[in-house]
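Excluded from the calculations below are hydrogen atoms, water molecules and symmetry mates; all remaining heavy atoms, backbone and side chain alike, are included. First the proteins, then the strands, lettered A, B, ... as listed; each starts at 1.
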Number of protein chains: 2
Amino acid sequence: MVQKSKKPPSAAKIAAPVAPKRRGRPRAYEPDVALGKALDLFRRDGFAATSLDDLSAATGMNRPSLYGAFGDKRELYIKSYQRYRDDARAAMVDIFRADAPLRERLERIYRIALDIYLSGESGPRGCFTVMTAASEAVSDPDIRAMVLEGLTELDKAFGICFRHAKERGELPDGADPAALAHLASATIHTIAIRARARVPRRELEAIVKGAIDLMCRAN
Amino acid sequence: MVQKSKKPPSAAKIAAPVAPKRRGRPRAYEPDVALGKALDLFRRDGFAATSLDDLSAATGMNRPSLYGAFGDKRELYIKSYQRYRDDARAAMVDIFRADAPLRERLERIYRIALDIYLSGESGPRGCFTVMTAASEAVSDPDIRAMVLEGLTELDKAFGICFRHAKERGELPDGADPAALAHLASATIHTIAIRARARVPRRELEAIVKGAIDLMCRAN
DNA sequence: ACTTTTTTGTACCATTTCGCATTAAATTCC
DNA sequence: GGAATTTAATGCGAAATGGTACAAAAAAGT
């Protein structure tokens, strides 16, 4: 159950990613890259339209291995979503924490977001949080909770951003950081959706620019 | 192939919805209400997770009748989407055309939108355009075109709204109607997504209020 | 060399899914 | 009343789907 139950208890403290000398037949796949492939498929087609055969083919693992490594399809979807969130957070956290002017921070956040949403060999894949909200979230309480967490996490990050900017005098006194944060999230959501409709990057950047102009001049 | 090939050519000009005296066994269903039921299902579960059996049960039509009336599953989905768009347009067009103050128009539009997104017996169903963008739009060009049309139609309606308001002096000279329209659409999208994550109406209304405040005070 | 452990690979099963072929029913036209 | 026409109802069938049983394979321990 525990993520990394590799090392025998007698192992040295230092080594974590060294070869742990597992007992049986070695794995023919790397769990991390396999999960990445699964995520790619789920992001493109969604939960219901992605079959275990598809996943098996994409990961190179046969079905029993898939099942043994990640559990059933739903569990794999959940793990894929967590992986997506981890990646997205890792890509943005530095920018959210950075001590740069508001406009610059927003520009960098949206650039990263567009990179994520527009990537994909067979068309742009959008935002997995939005996709999951649009599909499984209504019927599956656990997944819905994760989605809600993803949405509020973004709201909060933007909220801190705008509160910080207001304290530094980058925004007028009347500015409402919470409302601005919701607008910043809304802009994320709208470009994620439009990306999947294959709106070209140019146009999405124009939408972002308009939104940033409004948010930076808010009163 | 033609939508309404009911009347014999000798029929009177006046009568369109009167009983057309069809030749064979009468239909046991009303196409309009059946399509409405199908739309309900598709909106809740999406294309892939809705089976023909589900549709058959919900509409009361058996599978061959479904097929005969609407074509295969994909065609039924497309017709459902068109129905959704028609309904949504019908619910909003009067407000977009009305000659009321900007703030009031926006408030009314978002109230209608929330009504649509939050309705549904088994949980809120969100916006079908957004759902379709999040699922079939990447892989199906025809559906993608419809989604894109839906997105731009909303942008345009809001655009006219803001341009009108600017001409009437409700917005400062520096205001950018196109950018505001994108923000208004973004607000639609964000509440549609959050609705499916079961964010309560109260919170959605607060988000809408914050957005309206910003849009009406835009400079 | 033999046992133990872990993973792989093949094959299978029950169920679901979509689509259609065929027959039975209900209505109008003659 | 009988032919023609349109729809309903039953049910089939081929394929796909999620999941698992079971034996072979590959490594470490003894």
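- Checking B/Thr129 against B/Tyr81 by side-chain atom types alone, a donor-acceptor pair falls below 3.5 Å.
- The aromatic rings of B/Phe96 and B/Phe158 lie perpendicular to each other, with more than 60° between the two planes, well past the 30° mark.
- Chain A approaches DNA chain C within less than 4.0 angstrom (heavy atoms of the protein), and the contacting nucleotides run 5' to 3' from C/dT4 to C/dT10.
- The number of heavy atoms from other shown groups lying within 6.0 Å of CZ (B/Arg89) is above 12.
- When the side-chain contact (heavy atoms from CB on, under 4.5 Å) test is applied to A/Arg144, the partners found at least two apart in sequence or on another chain are A/Ala137, A/Pro141, B/Arg198.
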Taking only nitrogen or oxygen atoms into account, show me every contact under 3.5 Å that the protein makes with nucleotides 23-27 of chain D, one pair per line with its distance.
{"from": "D/dA25", "atom 1": "O4'", "to": "A/Arg25", "atom 2": "NH1", "distance (Å)": "3.4"}
{"from": "D/dA25", "atom 1": "N3", "to": "A/Arg25", "atom 2": "NH1", "distance (Å)": "3.4"}
{"from": "D/dA27", "atom 1": "N3", "to": "A/Arg23", "atom 2": "O", "distance (Å)": "3.2"}

Exercise. List the steps, then state whether side-chain contact (heavy atoms from CB on, under 4.5 Å) holds for B/Arg196 with B/Met131.
Key: CA-CA 10 Å; B/Arg196 279 189 72 93; B/Met131 284 186 62; 3.1 Å; yes
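- An OP1 or OP2 oxygen of D/dG18 is reached within less than 4.0 angstrom by no side-chain nitrogen or oxygen of A/Tyr67.
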Self-check item: Verdict with supporting geometry, A/Tyr77 and A/Phe128, ring pair (Phe, Tyr, Trp, His ring centres under 6.0 Å)
Solution: CA-CA 11 Å; A/Tyr77 187 84; A/Phe128 201 30; 5.2 Å; yes
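- Shown here are the side chain to side chain donor-acceptor pair (under 3.5 Å) partners of A/Asp99, two or more places apart in sequence or in another chain: there are none.
- At a non-hydrogen distance threshold of 4.0 Å, B/Thr50, B/Ser51, B/Leu52, B/Arg63, B/Pro64 from residues 44-66 of chain B come into contact with DNA chain C.
- Atom CD of B/Glu30 sits in a sparse spot, with 12 or fewer heavy atoms from other residues, nucleotides or ligands closer than 6.0 Å.
- A heavy-atom distance below 4.5 Å is found between the side chains of B/Arg74 and B/Asp140.
- Listed by chain and residue number, nothing satisfies the side chain to side chain donor-acceptor pair (under 3.5 Å) test with B/Asp32 (two or more places apart in sequence, or in another chain).
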